[in-house]
Amino acid sequence: MRAAGRRGAGASAGEATVVKIAPRDGHRVGDGDKLKRSRIVFRGWSRLSGRIRVIDRGTERRLMVHGEILSIYPLNGDWRPVRREYWWKALDAVELPRRPSALLVGLGGGTQVHLLHRLSAPRHITVIERDPVIVRVASEWFGLDRVGKLEIVCADAETAVTGLAQAGRQFDYVMDDVSYADEPEVALPKLLAVVPLVTPRGSLVVNRHRRGDPRPLARTLRLYFREVRLRRVRRTGENTLICCSRPFVNRDGGV
């Protein structure tokens, strides 16, 4: 695993300070849950992400940032419960070639990195993550130090995407997980910048919050892809996936 590119917002690993390791015996959270004990196994702070916690709940490890679950990781190695979550659904929603190359915009704890290795045997995975503390937490607490070939570009998404495009890089599978809550007018330029990175038979999957109304983005993306579908992850869930396959654009970004 290597870090490449410029660090986002001028941050360095030394500026994002981990402040506390919680005792291993932890504590219980959730008064109504009598079957599963939750314990905080790591507490940290980053200038870019704010409060970071790693919580073990039963056999599931969670990465929590600002109270939101960014990743889950089964401590017992059983990934079947993840089938109903958006990380799995995003891979299941598109057709991947044999041994695909993949670009993940946003790392979290690396849930989709692990799923890619289990479902598709990728030949190469590149991840864009602006926060070096998140990278370190994912490596130390979510098993990324045991993953195969993995390239991590530690920079803000716009800078990293521009650099990859200038280098002529393309990927069979691209997942955008950072424009989740952006307003459509903010998210759209970021997504269009990613389109030239998708191979002619590749796919782009965008994770959107259900209140963010993915339909305007989907309508515009239909100008750039032969197939665009919306997929609600769960009836009671908050995630809607925009699944785009086979782009019209060429390497120079023209339609």
Side-chain angles (χ1 to χ4, degrees), residues 4-5 86-107 112-113 115-116 119-130 150-153 155-233 239-255:
Y86 80 90
W87 300 284
W88 189 298
K89 299 291 187 183
L91 291 168
D92 187 55
V94 296
E95 184 177 351
L96 296 177
R98 182 175 177 272
R99 301 202 64 216
S101 59
L103 171 66
L104 307 179
V105 186
L107 174 63
Q112 200 162 66
V113 173
L115 292 177
L116 272 164
L119 299 177
S120 64
R123 68 179 183 273
H124 186 79
I125 300 177
T126 297
V127 181
I128 298 172
E129 173 56 55
R130 67 172 187 160
L150 181 64
E151 175 188 34
I152 297 183
V153 182
D156 64 89
E158 292 86 348
T159 299
V161 167
T162 299
L164 292 171
Q166 291 175 346
R169 301 281 297 275
Q170 285 194 309
F171 305 87
D172 301 310
Y173 175 79
V174 179
M175 173 72 177
D176 180 277
D177 204 10
V178 299
S179 59
Y180 174 68
D182 289 345
E183 294 295 329
E185 61 270 17
V186 175
L188 183 58
K190 300 176 184 179
L191 298 178
L192 294 184
V194 172
V195 174
L197 300 181
V198 184
T199 60
R201 294 184 177 274
S203 300
L204 166 66
V205 179
V206 182
N207 180 33
R208 292 288 292 172
H209 193 283
R210 61 181 175 82
R211 292 194 297 269
D213 191 0
R215 291 172 297 179
L217 292 176
R219 283 195 295 268
T220 301
L221 288 170
R222 286 190 176 98
L223 301 175
Y224 294 85
F225 289 88
R226 291 178 172 83
E227 181 179 354
V228 176
R229 295 177 290 111
L230 293 177
R231 180 169 182 176
R232 181 77 176 271
V233 174
N239 304 88
T240 297
L241 301 175
I242 308 175
C243 307
C244 313
S245 299
R246 296 181 299 153
F248 289 117
V249 299
N250 60 30
R251 292 296 294 259
D252 297 323
V255 179

>> Quick one, Y173 with L104, criterion side-chain contact (heavy atoms from CB on, under 4.5 Å). Give me CA distance, side-chain angles, the key distance, then yes/no.
In response: CA-CA 8 Å; Y173 175 79; L104 307 179; 4.0 Å; yes
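- Side-chain atoms of R208 come within 3.5 Å of backbone atoms of S179 as a donor-acceptor pair (strictly under, hydrogens ignored).
- Evaluated for a side chain to side chain contact (heavy atoms under 4.5 Å, CB included) with T126, the options V153, L150, V174 yield exactly one hit, V153.
- Closest non-hydrogen pair, R231 versus K89, comes out as NH2-CD, 3.6 Å.
- In this structure, CG in D176 is found 9.0 Å from CD1 in I242, a value given to the nearest 0.5 Å.
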>> Before you tell me yes or no, could you show the steps for L223 and F248 under side-chain contact (heavy atoms from CB on, under 4.5 Å), namely the whole-Å CA-CA distance, both residues' side-chain angles and the distance that decides it to 0.1 Å?
In response: CA-CA 8 Å; L223 301 175; F248 289 117; over 6 Å; no
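- Contact between I128 and A157 at its shortest, heavy atoms only, is CG2-CA, 3.9 Å.
- Atoms CG and CG, on L197 and L204 in that order, are 9.5 Å from each other to the nearest 0.5 Å.
- More than 12 non-hydrogen atoms from other residues, nucleotides or ligands lie less than 6.0 angstrom from CZ of R229.
- To the nearest 0.5 angstrom, S120 atom OG is 5.5 Å from L96 atom CG.
- Here the side chains of N207 and W87 are not in contact, with every heavy-atom distance at 4.5 Å or above.
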> When you look at R123 and D172, which way does the salt bridge (charged side-chain N to carboxylate O under 4.0 Å, His left out) test go after all the steps?
Replying inline: CA-CA 11 Å; R123 68 179 183 273; D172 301 310; 3.4 Å; yes
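- The two residues L230 and P214 have their closest heavy-atom pair at CD2-CB, 4.0 Å.
- We find the CG-OG1 distance between D156 and T162 to be 8.5 Å, quoted to the nearest 0.5 Å.
- Nearest heavy atom pair, residue Y224 against residue T220, reads CD1-O, 3.4 Å.
- Closest approach of Q170 to V198, counting heavy atoms only: NE2-O, 3.2 Å.
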>> Set out, in order, the CA-CA distance, both residues' side-chain angles and the distance that settles side-chain contact (heavy atoms from CB on, under 4.5 Å) for V195 and F225, then state yes or no.
In response: CA-CA 9 Å; V195 174; F225 289 88; 3.8 Å; yes
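- For E95, the CD atom counts as loosely surrounded, since its 6.0 Å shell holds 12 or fewer non-hydrogen atoms of other residues, nucleotides or ligands.
- Heavy-atom neighbours of R215 CZ from other residues, nucleotides or ligands within 6.0 Å: at or below the threshold of 12.
- Side chains of L116 and L91 form a contact here, defined as non-hydrogen atoms less than 4.5 Å apart.
- The minimum heavy-atom distance between V94 and S245, with the atom names listed, is CG1-OG, 4.1 Å.
- Between S101 and F171 the shortest side-chain heavy-atom distance falls below 4.5 Å.
- Considering CG of L107 and CG of D177, their distance stands at 10.0 Å, rounded to 0.5 Å.
- Side chain of R226 to backbone of P247: a donor-acceptor contact under 3.5 angstrom is found.
- Distance check, rounded to the nearest 0.5 Å: CD1 of I125 to CE of M175 gives 13.5 Å.
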